[in-house]
Asker: 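Let me begin by handing over the structure; questions about it come next.
The analysis underlying the following values was restricted to heavy atoms, covering all of them including side chains, and did not include hydrogens, waters or symmetry mates.
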Amino acid sequence: MTHWLLPIDPAAHAEHQPHDWATRPDATSVWEAIARSQRIDRWCLRSGFRIMREGDRIWAYLSRRQELCATGSVRRITREADRWYVQIAWDEDLTAHLCRQPLPRREFGQVPMSTCRANPGAAGVLDEHLRVLRVLRVLRAG
């Protein structure tokens, strides 16, 4: 499984954002605002589409906040006319946890300028963070 970083500029969805979107510690309303302004499960790709695979892990990176707030898996890569799209199955439980406690860039160290694979250092941090999130989900359920 490859980890992918999908940068999203929350300011591009400003009409739906709360006034304090850039400073509030919880990213839930920021993520919800993005979902109100576009389809959240389908993103146009300008890079990565030739090597991204179904089942790979996607992490939504809020560029102006410099943090990860959502995660899911690649369902499908499609081409429509001359554009490529990734369809994502967002993991609602893990995303809710990430929104409440976003993972700051200083912890995984990579700055994605466009959709890209996580470098080895960032991938190691994301593997561990994903493992911890899954353990927390099991503990909450049981």
Asker: Consider only side-chain heavy atoms of I, L, V, M, F, W and Y, link residues closer than 4.5 Å, and tell whether Trp90 and Trp59 are in one cluster.
Answerer: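 Trp90 does not cluster with Trp59.
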Asker: Supply the members, apart from Leu139, of the Ile/Leu/Val/Met/Phe/Trp/Tyr cluster built from side-chain contacts under 4.5 Å; use none for a lone residue.
Answerer: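 Members alongside Leu139: Val135.
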Asker: Is Asp56 close to Ile58 at the side-chain level, that is, under 4.5 Å between some pair of heavy atoms?
Answerer: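 Sidechains of Asp56 and Ile58: no contact.
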Asker: Can you name the nearest heavy-atom pair linking Gly55 to Ser73, along with the distance?
Answerer: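 Looking at all heavy atoms of both residues, the closest pair is O-CB, 4.4 Å.
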Asker: Look at the side-chain heavy atoms of Ile, Leu, Val, Met, Phe, Trp and Tyr, link any pair under 4.5 Å apart, and say whether Met1 and Leu126 land in one connected group.
Answerer: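 In one cluster: yes.
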Asker: Heavy atoms only: give me the nearest Arg100-Thr28 pair and the separation to one decimal.
Answerer: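 Closest approach of Arg100 to Thr28, heavy atoms only: N-OG1, 4.1 Å.
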Asker: Would Tyr61 end up clustered with Leu94 when hydrophobic side chains under 4.5 Å apart are linked, directly or stepwise?
Answerer: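 Tyr61 and Leu94: one cluster.
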Asker: Any heavy-atom pair between the side chains of Arg134 and Arg131 that's under 4.5 Å?
Answerer: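 Result no, sub-4.5 Å side-chain heavy-atom pair not found.
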Asker: Could you tell me if the side chain of Arg64 sits less than 4.5 Å from the side chain of Asp9, heavy atoms only?
Answerer: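 Yes, side chains in contact.
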Asker: Do you reckon Leu68 sits in the same ILVMFWY cluster as Leu6, going by side-chain contacts under 4.5 Å, direct or chained?
Answerer: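 No, because Leu68 and Leu6 fall into different hydrophobic clusters, even though each may have its own neighbours under 4.5 Å.
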Asker: Is a side-chain N or O of Thr95 found less than 3.5 angstrom from the main chain of Thr71, in a donor-acceptor match?
Answerer: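 The answer is yes, because a donor-acceptor pair under 3.5 Å joins these two groups.
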Asker: Not counting sequence neighbours, list each pair that qualifies as a salt bridge (charged side-chain N to carboxylate O under 4.0 Å, His left out) and has a residue in residues 45-54.
Answerer: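 Qualifying pairs: none.
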Asker: Identify each donor-acceptor pair in which a side-chain atom of residues 107-117 lies under 3.5 Å from a protein atom, sequence neighbours left out, and give them as a table.
Answerer:
from	atom 1	to	atom 2	distance (Å)
Gln110	OE1	Asn119	N	2.6
Gln110	OE1	Asn119	ND2	3.4
Gln110	NE2	Arg117	O	3.1
Ser114	OG	Ser47	OG	3.4

Asker: For Glu67 and Ala27, work out which heavy atoms get closest and say how close.
Answerer: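 Nearest pair, atom of Glu67 first, then Ala27: OE2-CB, 3.9 Å.
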Asker: Shortest non-hydrogen contact from Gly72 to Arg57?
Answerer: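 Heavy atoms only, the tightest pair is O-CD, 3.3 Å.
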Asker: State yes or no: do Trp84 and Val74 share one hydrophobic cluster built from I, L, V, M, F, W and Y residues joined by side-chain heavy-atom distances below 4.5 Å, directly or via other members?
Answerer: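 Hydrophobic grouping puts Trp84 with Val74.
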Asker: Ignoring hydrogens and angles, write down the donor-acceptor pairs under 3.5 Å from the side chains of residues 29-36, residues two or more places apart or on other chains.
Answerer:
from	atom 1	to	atom 2	distance (Å)
Ser29	OG	Arg24	NH1	2.9
Arg36	NH2	His16	O	3.0

Asker: Are side-chain heavy atoms of Trp43 and Ile8 found at a separation under 4.5 Å?
Answerer: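 In contact.
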Asker: Let me check something: any side-chain donor-acceptor pairs from residues 76-83 under 3.5 Å, sequence neighbours excluded? List them with distances.
Answerer:
from	atom 1	to	atom 2	distance (Å)
Arg79	NE	Ala81	O	3.3
Glu80	OE1	Arg42	NH2	2.5
Glu80	OE2	Arg42	NH2	2.9

Asker: Linking Ile, Leu, Val, Met, Phe, Trp and Tyr through side-chain heavy atoms less than 4.5 Å apart, which residues share a cluster with Leu136?
Answerer: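 Under the 4.5 Å side-chain rule, Leu136 groups with Val132.
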Asker: Please report the interatomic distance CG(Leu62) to SG(Cys99), rounded to the nearest 0.5 Å.
Answerer: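 Result: 7.5 Å between the selected atoms.
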